[in-house]
Amino acid sequence: NWRYADLYYPGQTKVAVACAHLLDRMPQHRWQLVEDSQPAEGQRNLTFVRGRYTADYQLKRVDGVTRMTVEVRTENADQ
């Protein structure tokens with residue numbers, strides 16, 4: 001990885017609504033869904049790829065707040 005970002009967003013939107021928005025909007029920006037999992041109740045992980053870019057989303061509900069963590073990575077083609 002040679003370029004990356006870790007982003008954190010708190011909010012009141014329900015996990016299901018936020019995921020539905022991502023599933024609708026990301027393909028419009030040429031991101032392809034490659035993984036969709038629910039590792040625990042109230043949590044959902046989505047992974048999108050576009051070329052050599054990967055965006056991992058973790059959405060979970062904690063103490064009445066939805067927390068979305070986004071990890072964006074660029075794979076180095078030389079490795």
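For the numbers below, each heavy atom of this structure counts, side chains included, while hydrogens, waters and symmetry mates do not.
A heavy-atom distance below 4.5 Å is not found between the side chains of R25 and W31. Side-chain contact check for N45 versus D36: every heavy-atom pair is 4.5 Å or farther apart. Here the side chains of V15 and Q43 are not in contact, with every heavy-atom distance at 4.5 Å or above. R61 places a side-chain heavy atom less than 4.5 Å from the side chain of K14.
Linking ILVMFWY residues whenever their side-chain heavy atoms come closer than 4.5 Å, directly or via other members, places V70 and L33 in the same cluster. Following chains of ILVMFWY side-chain contacts shorter than 4.5 Å, one can reach Y9 starting from F48, so the two form part of one hydrophobic cluster. In the hydrophobic clustering of this structure, L7 groups with L59; members are Ile, Leu, Val, Met, Phe, Trp, Tyr whose side-chain heavy atoms approach within less than 4.5 Å, directly or through other members.
Atom CE of M26 is separated from atom CG of L46 by 9.0 Å, given to the nearest 0.5 angstrom. Taken from CG in L23 to OH in Y57, the straight-line distance is 10.5 Å, to the nearest 0.5 Å. Of the inter-residue distances, the one linking M68 atom CE with H21 atom NE2 reads 8.5 Å to the nearest 0.5 angstrom. To the nearest 0.5 Å, the span separating CD on Q38 from CZ on R44 amounts to 5.5 Å.
With sequence neighbours left out, D6 forms a side chain to side chain contact (heavy atoms under 4.5 Å, CB included) with Y8, E71, R73.
For R50 (side chain) and Y53 (main-chain N/O), no donor-acceptor pair under 3.5 Å exists by modelled atom type. With hydrogens and angles ignored, the 3.5 Å screen pairs a side-chain donor or acceptor of T66 with a backbone N or O of T13.
When the shell of 6.0 Å around CD of E41 is examined, it contains 12 or fewer heavy atoms from other residues, nucleotides or ligands.
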